[in-house]
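What follows is a set of notes on a single structure, which appears directly below.
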Amino acid sequence: EPAGTARALHGLAIVYQSTGRPSPAIEHENQAIAIWQELGNVRGQSESFLTLASAQDSSGQADAARTSLERAVQLAHSEGFSPIEAAALSVTGVRHFRLGEYPEAAESYKQALAVAHESNLKLQVALVTSNLGALYNQWGEPREALRYFEEALPVRKALASQIGRASCRE
């Protein structure tokens, strides 16, 4: 079954990437993308492009990683897959931040934050808002940093409270 094969390839790519082996991750993710494209599965493609970008970035393929992230955002946006779109935009922000491209990082993070707010993705809102705080702190803008960290704190506390209540029920 092709979809199952693509899911397995994607899973392998995630494991290879998480264990520091980007080359087999890239190989497996490219195979998964080809299957997803044959099947017309846009969600699978967008998830796979996101993982592919991470592996490409780890292996020093910055331009390819940027292209894969752009493709992940484009596909996720076209089909309304907000969690994937927000994650891809956030990862794009992280890449720019690491490269010292602060204006581009801020733009990517703000786009991710807008998608996360629109879709009520609370964890993504908390993560991206904290990332914006860290970015502005590094950028030498302490007032903006404080604003974003102060915005992130109640969201993180609410999420921690929900997680605590859920674990107590088990």
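Note that the numbering runs from 1 along the sequence shown for the chain. Reckoned from all heavy atoms, side chains included, excluding hydrogens, waters and symmetry mates.
For Pro83, the side-chain contact (heavy atoms from CB on, under 4.5 Å) partners at least two apart in sequence or on another chain are Leu121. Under the salt bridge (charged side-chain N to carboxylate O under 4.0 Å, His left out) criterion, Glu144 pairs with Arg147, sequence neighbours left out. Residues meeting the side-chain hydrogen bond (donor to acceptor under 3.5 Å, both in side chains) test with Thr5, sequence neighbours left out: none. Residues passing the side-chain hydrogen bond (donor to acceptor under 3.5 Å, both in side chains) test with Glu107, sequence neighbours excluded: Gln111.
Sorted by first and then second residue, the pairs that involve residues 44-58 and meet salt bridge (Lys or Arg N to Asp or Glu O under 4.0 Å), not counting sequence neighbours, are Arg43-Glu47, Asp57-Arg95, Asp57-Arg98. Applying the salt bridge (Lys or Arg N to Asp or Glu O under 4.0 Å) test to pairs two or more places apart or on separate chains, none has a residue in residues 71-87. Applying the ring pair (Phe, Tyr, Trp, His ring centres under 6.0 Å) rule to pairs touching residues 2-45 yields Tyr16-His28, sequence neighbours excluded. Within the structure, salt bridge (Lys or Arg N to Asp or Glu O under 4.0 Å) pairs that include any residue of residues 8-36 do not occur (at least two apart or interchain).
Between Ser68 and Ala53 the shortest heavy-atom distance is CB-CB, 3.8 Å. The heavy-atom pair separating Arg156 from Ser130 by the smallest distance is NE-OG, 3.0 Å. The minimum heavy-atom distance between Ala106 and Trp139, with the atom names listed, is CB-CZ3, 4.0 Å. Residues Ala116 and Ala86 share a closest heavy-atom pair of N-CB, 4.4 Å. Scanning both residues, Gly93 and Ala105, for their nearest heavy atoms gives O-CB, 3.5 Å. The two residues Ala88 and Ala72 have their closest heavy-atom pair at CB-CB, 4.1 Å.
Cluster partners of Val42 are Ile26, Ile33, Phe49, Leu52, Leu75, Phe81, Ile84, counting Ile, Leu, Val, Met, Phe, Trp and Tyr whose side-chain heavy atoms approach within less than 4.5 Å, directly or via other members. Leu69 belongs to a hydrophobic cluster whose other members, connected by ILVMFWY side-chain contacts under 4.5 Å either directly or through intermediates, are Leu50, Val91. Summarising the hydrophobic clusters (Ile, Leu, Val, Met, Phe, Trp, Tyr; side-chain heavy atoms under 4.5 Å, direct or chained), the residues clustered with Val73 are Leu89, Val115. Membership of an apolar cluster is not assigned to Leu99, as no side-chain contact below 4.5 Å to another ILVMFWY residue is traced.
At a threshold of 4.5 Å between non-hydrogen side-chain atoms, the residues Tyr109 and Leu135 count as touching. Residues Arg66 and Gln61 fail the side-chain proximity criterion, which asks for heavy atoms closer than 4.5 Å. In this structure, Ser58 and Gln17 have side chains that are in contact, with non-hydrogen atoms separated by less than 4.5 Å.
Classification of the Tyr148-Tyr136 ring pair by plane angle, with boundaries at 30° and 60°, yields parallel.
Distance CG/Leu113 to CG/Leu132: 6.5 Å, rounded to 0.5 Å. Distance check, rounded to the nearest 0.5 Å: CZ of Arg7 to CG of Asn41 gives 8.5 Å. Atom CD1 of Ile35 and atom OG of Ser48 lie 9.5 Å apart (nearest 0.5 Å). If you take OG1 on Thr51 and CD on Gln56, they are separated by 10.5 Å, rounding to the nearest 0.5 Å. Between atom OG1 of residue Thr129 and atom NZ of residue Lys122 there is a gap of 13.0 Å, rounded to the nearest 0.5 Å.
With 3.5 Å as the limit, one finds no donor-acceptor pair spanning the side chains of Ser108 and Thr92. Glu101 and His96 form a side-chain donor-acceptor contact under 3.5 Å, judged by distance and modelled atom types alone.
Counting only distance, with no hydrogens or angles, the side chain of Ser18 and the backbone of Val15 share a donor-acceptor pair below 3.5 Å.
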Residue pair Leu127, Ser90: steps toward the side chain to side chain contact (heavy atoms under 4.5 Å, CB included) verdict: CA-CA 9 Å; Leu127 293 171; Ser90 182; 5.9 Å; no
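No single ILVMFWY cluster, assembled from side-chain heavy atoms under 4.5 Å apart, contains both Leu123 and Leu153. Under the 4.5 Å side-chain heavy-atom criterion for grouping Ile, Leu, Val, Met, Phe, Trp and Tyr, Phe97 is not connected to Phe149 through any hydrophobic cluster.
Residue His117 places its NE2 atom among more than 12 non-hydrogen atoms of other residues, nucleotides or ligands, all under 6.0 Å distant.
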